[in-house]
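Note on naming: letters A, B, ... go to the chains in the order of the sequence lines (proteins, then strands), and numbering restarts at 1 for each one.
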Number of protein chains: 2
Amino acid sequence: MKLQQLRYLAAIAQSELNITAAADRLRASQPAVSRQLKLLESELGFAIFQRKGRALTKVTPHGAQVIARALRVLQEAQAIKRIADETKGEELGALSIGTTHTQARYVLPEVIQKFRSLHPSVDLHLHQGTSEQIAEMARLNRIDFAIATGSQELFETYWLLPCYRWHRMIIVPKSHPLAKVARPTLDQLAAHPIVTYVFSFDGPSSLNEVFARAGLKPTVALTARDADVIKTYVRLGLGVGIIAAVAIDAAQDDDLVRIDASHLLPAHTTWIGVSRGGLLRRYMYDFLHLLAPHLTRRMVDRAIRAHSPAEFDAVFAGMDLPFKGATARDAAASAPETLSRLSR
Amino acid sequence: MKLQQLRYLAAIAQSELNITAAADRLRASQPAVSRQLKLLESELGFAIFQRKGRALTKVTPHGAQVIARALRVLQEAQAIKRIADETKGEELGALSIGTTHTQARYVLPEVIQKFRSLHPSVDLHLHQGTSEQIAEMARLNRIDFAIATGSQELFETYWLLPCYRWHRMIIVPKSHPLAKVARPTLDQLAAHPIVTYVFSFDGPSSLNEVFARAGLKPTVALTARDADVIKTYVRLGLGVGIIAAVAIDAAQDDDLVRIDASHLLPAHTTWIGVSRGGLLRRYMYDFLHLLAPHLTRRMVDRAIRAHSPAEFDAVFAGMDLPFKGATARDAAASAPETLSRLSR
DNA sequence: TACAGTTACGGACCGCGTAAGCATA
DNA sequence: TATGCTTACGCGGTCCGTAACTGTA
C-alpha cells in the first residue's frame, strides 16, 4: 500500500467515481490512476468499487471503510506537511472554506478582504453550498473550514467553534400593513403570507415550531435558499420576508421597512467548523480571529485539544458571544442555550 | 513523503533512536533506514532528531509532532490491511498484549489456553511490564491490547473496557497472630508490618489513603512488584501480605492463611485497553469475550464507536461487573464508582 | 578497535505517460 | 460514435543491498 494509492483513491471518491475526472484533478494520466486503484484493490484482495462493465458504479461496504480510513491517513499526512510549512515560516498555503449563501454574501467579504491584505500569498477557495453539500466537502477533507448556522448533526468529525449570534428580521415594502407596526406580535405576523429560507422550517427553533407553540399556522408564500431572492419577492408584494439580520444591506435595502423580530424568534448561532485532528496553520488561526475576535489562538487551541464535547463546550461556557447584524439591540437577554449545545 | 519512510521513522522511535536496531527490526539494511530518514527530514525541511556527531540523541519538538502523526498514519494504514484480512476470512494474524504481572501470571493463562485452541494460527505476543511500560508500548502502537488495573490516566488514547473487579486479600503464615481473626479491623491490620505491591501506595484508593482516613499509619516492611515475591516474604515472617484475591493459588498457597479484606479496602477494576480508532480483528473480539464474558462483539462495538468518554461510559453503566478471585463473596455490595470513572 | 551512521555504486523494480484497444450507452 | 476504463510498451526515477568509509568512545 502506498500513500499515492490512497491519494488516488480519495480523488476518485471525490470525483463521483469518475477516474478520468480524478486523474485531471490529480494532474496525472487516467491510466495511472486506474492502474493504482487496481493494484490497491488486488493487494487488499477485494473490490473497493462495484463495477458495471468497466465503469465504477458505487462503493462496496468494505470499500467505504477503506475510503474512510484512507481519508484519515491523508489528513494526518497533510498535517505532517503543514508542520514542515510552519517551521519554514512559510507564508504560502491554501485556505478552503465551505459556507452558505448568507455568510458568503454578507459576512465573509469584509473578513476575506482583511485576510487577503494580511496574507496576500495564501490561496483562498470559497465553496458555497447547502449545509449538506458543505458537510460532504468536509467529510472528504476538501475544506479547512465550514461556516454555517445550525445543522450541527452533519458535522460529527468537526469541532464547531461559535462565531456570533444573530436575530431574524422582518422585511416588508413601505406600503405593507405591517410597515407601521414597530413591534408586531406573532398573530399579526401569521396574518400575512411569509417568504423565508427553505431551512427555516425544520429543526427545533424553526418558524413552524414557534408558530405552532402559539397555536398558529402561517401561510408560506415562498421559500428560497438566499436572502436576495426573498427580498426580490418581498418587493413584489408576495408577502412578509423573514431573513437573517446580517443579510440586511443598510444602503441597498433602503426601500424596505425592517422590523426587528428578536422578541418573536430565538437567536441563531453561526459557527465555524474545523476538522478534529487536523492541524491549523498560522494563517488559519488569523482567519478565525478575523471572523470572530474572541477566537484567539489561545482559545482555539484550548478548544480543539478537547477530548470530549463536554470539555470542548466548557471552553466557551459563560462566554458572551457577540451579536451581528442590523439593529441587534437588547440581544444579550437571549438565553445562551444554542451555544452550550453547539458541540452536541 | 512515503508510507515506508513513516514506517522507518516509527521503527527508529521504537528502537530508542538506534537506526541499526530499527533496521534489524524492519529486516532492512541499516543504510536504507538511514537514507530514508534523511530523505524525509530533507523533504520536511527540518530535523526530526537531534544528533551528536552521527548518533541520534533525542527527538526535536517538531519531530515529536511528526512522530505522533506518523504513528496515527500507520495505525490507519494497518486498519486498512486488517479490513482486507477480515474479508478474506483470514485466520492468520497476530495479537500483542501488554499486561502486568498479576494478570499474566494468574488470570491470562486460562484465557490464553482457550484462545489458542480457538485460533491456533494466530501469533500471540505477551509483553509484561509496569503500567508505565505498557503505556509506552501502547503509545507506540506496539500492542493491540493493554490489560491493567488503575493507571487510567496513562492511556488517554485508548478505550478502557472494564473486565472484572477484585478485592484484596490478607495473607499471613499460620503462626501469625492475625491467622485466627476472621474479620480483622484496620487497627488490627495496622499493628503489623505490611508487605504489598509498590503501586498500592499511590492513588485515590491506595492503602495509604484508607489508613490515613482511619487516622492510622501502617509500617511498610517491603513493597514488591508481584504477588509471588510478596508471598515469599510473608512466608519468611516479614509481615502481613496484602495481595489481589486473583493472585491466590488455591493449591500452592495452602500453607498461608487467607483473610478476606473486602470489608476494609475498596474493590479494584481490571480493564482492557483497545486503541481508539484502531480496527479489531475477529479473533480480537474473541479474546475480549474469553477474558470477560460480558464483552460481546455487540457491546464492544457499541463502546468503541463512542464519540466521547461519557458516551463510552453509558454503554457499561448499570452493568454488574463480575468479581474474580478467591472468596469474592458479597461483592455486589460495593459501589460501582470505579466503573463509572473508568474512561475519564 | 569497536560501534554507529554515511557515502558510493550497480542492479532491480516500479510507476509514469503515450498510444492503442475495447466495452457500454 | 462518444465516453471511459484497460492493456501494451518503453523510459526514468527510486529504492535497495553490499561494500567501503568516517567520525566517536
> Residues two or more places apart in sequence or in another chain: which of them pass side-chain hydrogen bond (donor to acceptor under 3.5 Å, both in side chains) with B/Q36?
Replying inline: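 Listed in chain order: B/Q5.
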
> Of all residues at least two apart in sequence or in a different chain, which pass the side-chain hydrogen bond (donor to acceptor under 3.5 Å, both in side chains) check with A/R282?
Replying inline: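 side-chain hydrogen bond (donor to acceptor under 3.5 Å, both in side chains) check on A/R282 returns A/E91.
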
>> Suppose we screen for ring-ring contact (aromatic ring centres under 6.0 Å, His included). Which residues come up paired with B/Y158, at least two apart in sequence or across chains?
In response: none

> What pairs with B/F115 under ring-ring contact (aromatic ring centres under 6.0 Å, His included), at least two apart in sequence or on another chain?
Replying inline: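 Expected list: B/H119, B/F287.
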
Please report, rounded to the nearest Å, how far the [atom2] atom of [N] is from the [atom1] atom of [X].
X	N	atom1	atom2	result
A/L56	D/dT3	CG	P	18 Å
A/L40	C/dG15	CG	P	11 Å
B/L37	C/dT7	CG	P	12 Å
B/R7	D/dC16	CZ	C1'	15 Å

Extract from the structure each pairing of a protein N or O with an N or O of nucleotides 8-15 of chain D at less than 3.5 Å, listing the distance.
residue	atom	partner	partner atom	Å
D/dC15	OP1	B/K2	NZ	2.6

> Within the distance-only criterion (no hydrogens, no angle test), does the side chain of A/E43 pair as donor or acceptor with the backbone N or O of A/M1 below 3.5 angstrom?
Replying inline: yes

> Do B/Q14 side-chain atoms and B/L140 backbone N/O form a donor-acceptor pair below 3.5 Å?
Replying inline: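 A pair under 3.5 Å: yes.
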
> Should A/K38 be listed as having a side-chain N or O under 4.0 Å from OP1 or OP2 of D/dT7?
Replying inline: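 Yes, such a contact exists.
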
All N/O pairs under 3.5 Å across the protein-nucleotides 22-25 of chain D interface:
residue	atom	partner	partner atom	Å
D/dT22	O2	B/R54	NH1	2.5

For [X], check salt bridge (Lys or Arg N to Asp or Glu O under 4.0 Å) against everything at least two apart and list the hits.
X	result
A/D24	none
A/R51	A/E41
A/E136	A/R139

>> Suppose the criterion is salt bridge (charged side-chain N to carboxylate O under 4.0 Å, His left out): which pairs have a residue in residues 69-80 of chain A, not counting sequence neighbours?
In response: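 For residues 69-80 of chain A: A/R69-B/E76, A/R72-B/E76, A/E76-B/R69, A/E76-B/R72.
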
> Which pairs count as salt bridge (charged side-chain N to carboxylate O under 4.0 Å, His left out) when at least one residue sits in residues 1-16 of chain A, sequence neighbours excluded?
Replying inline: none

>> Any residue in residues 16-28 of chain B with a heavy atom nearer than 4.0 angstrom to DNA chain C? Just list them by number, or reply none.
In response: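 Only B/L17, B/N18, B/I19, B/T20 qualify.
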
